[in-house]
Chemist: 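Below is one structure. I have some questions about it.
For ligands, and for the atoms within them, numbers begin at 1 and follow the listed sequence.
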Amino acid sequence: MEFYDVIRNRRSCRKFSPDPVPKDTLDRIVEAGTWAPSGKNRQNWRIFVVTGQKKDGLVAVADRSFHLLEPSLKKLYDEKIVSFTRGFFKTLGGAPVVMVFYSDVTDEGSFVDTQSVAAAIQNVLLAAAYEGLGSCWMTNPVHLKEEVDEVMGVEGLELIAIVPVGYPAKEPPIPPRKDGRISWIGF
Ligand SMILES: Cc1cc2nc3c(=O)[nH]c(=O)nc-3n(C[C@H](O)[C@H](O)[C@H](O)COP(=O)(O)O)c2cc1C
C-alpha cells in the first residue's frame with residue numbers, strides 16, 4: 001500500500017474477527033512504534049502487548065469506564081451510535097490483542113512525555129493498517145487508571161492509552177474530515 005493510502009485508510013475499528021494475529025506481525029508493528037520521535041530521544045514509551053486473561057481484565061475495565069463517556073457521547077451522537085459504542089466497550093469489539101501504552105515519568109513534564117508516546121501510538125496504528133489490521137486508540141479507560149494498573153501489575157508509570165488490535169470483522173465507516181483546519185501563511 002502506498003504511504004498516503006495507509007494514512008487515509010487507517011480507521012478506528014470497533015469490530016474484530018477472532019482470528020489470532022501472528023506474533024511476528026505484532027512484533028513489526030510495535031517495533032514501528034519505537035521509531036517514533038521523542039522529546040530528547042528519551043523513548044519513554046512502555047508498550048505492553050496483551051492477550052489471554054490479562055486482556056480479559058482490560059476488557060472488563062474498559063466496560064466499566066463506558067458510563068464516564070456516555071453523557072458526552074449522547075450530546076454528540078444519536079442513540080444508535082451510543083448503543084453501538086456501549087457494545088464496543090463491553091467486548092472491545094472482540095479484539096484478540098490489546099496494547100497498553102504507558103510512559104515513564106520523566107522530568108520533561110507530562111506534556112512532552114505524552115506527545116512522545118502519542119507519536120509511538122500513531123506509528124503503531126499506521127503499521128497495523130499497513131498489515132491489514134484494525135485498531136482503535138482509546139483514552140476513556142485511562143479514567144480508571146488504577147484498575148488498568150492493577151490488571152497489568154504496573155506501578156509508577158503514566159497510563160496514556162489502550163489500543164485493541166485485530167483483523168477487522170467489517171470495514172469501519174469513514175468519518176468525514178473537517179474543512180478549514182489548515183492555514184497557509186506567507187504563500
Ligand atoms: C486521543 C484519542 C482518544 C480516543 N479515545 C477513544 C475512546 O476512548 N474510545 C473510542 O471508541 N474511540 C476513541 N478514539 C478514536 C476516535 O473516536 C476516532 O479516531 C475518530 O472518531 C476518527 O475516526 P477514525 O480514527 O476512523 O479516523 C480516540 C482517538 C484519539 C486520537
Chemist: Suppose we screen for side chain to side chain donor-acceptor pair (under 3.5 Å). Which residues come up paired with Thr106, at least two apart in sequence or across chains?
Modeler: Asp113
Chemist: Contact residues of ligand 1 with a heavy-atom cut-off of under 4.0 Å?
Modeler: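 These residues qualify: Arg10, Arg11, Ser12, Arg14, Phe88, Phe89, Cys136, Trp137, Met138, Thr139, Asn140, Pro175, Arg177.
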Chemist: Who pairs with Asp104 by salt bridge (charged side-chain N to carboxylate O under 4.0 Å, His left out), at least two apart in sequence or on another chain?
Modeler: Arg46
Chemist: With rounding to the nearest 0.5 angstrom, report the NZ to CG distance, Lys40 to Asp107.
Modeler: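 These two atoms lie 7.0 Å from each other.
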Chemist: Listed by chain and number, what are the salt bridge (charged side-chain N to carboxylate O under 4.0 Å, His left out) partners of Lys75, not counting sequence neighbours?
Modeler: none
Chemist: Does atom CD of Glu70 have more than 12 heavy-atom neighbours, drawn from other residues, nucleotides or ligands, at distances under 6.0 Å?
Modeler: yes
Chemist: Do Met99 and Phe48 touch side chain to side chain, with heavy atoms closer than 4.5 Å?
Modeler: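 No. Closest side-chain heavy atoms not under 4.5 Å.
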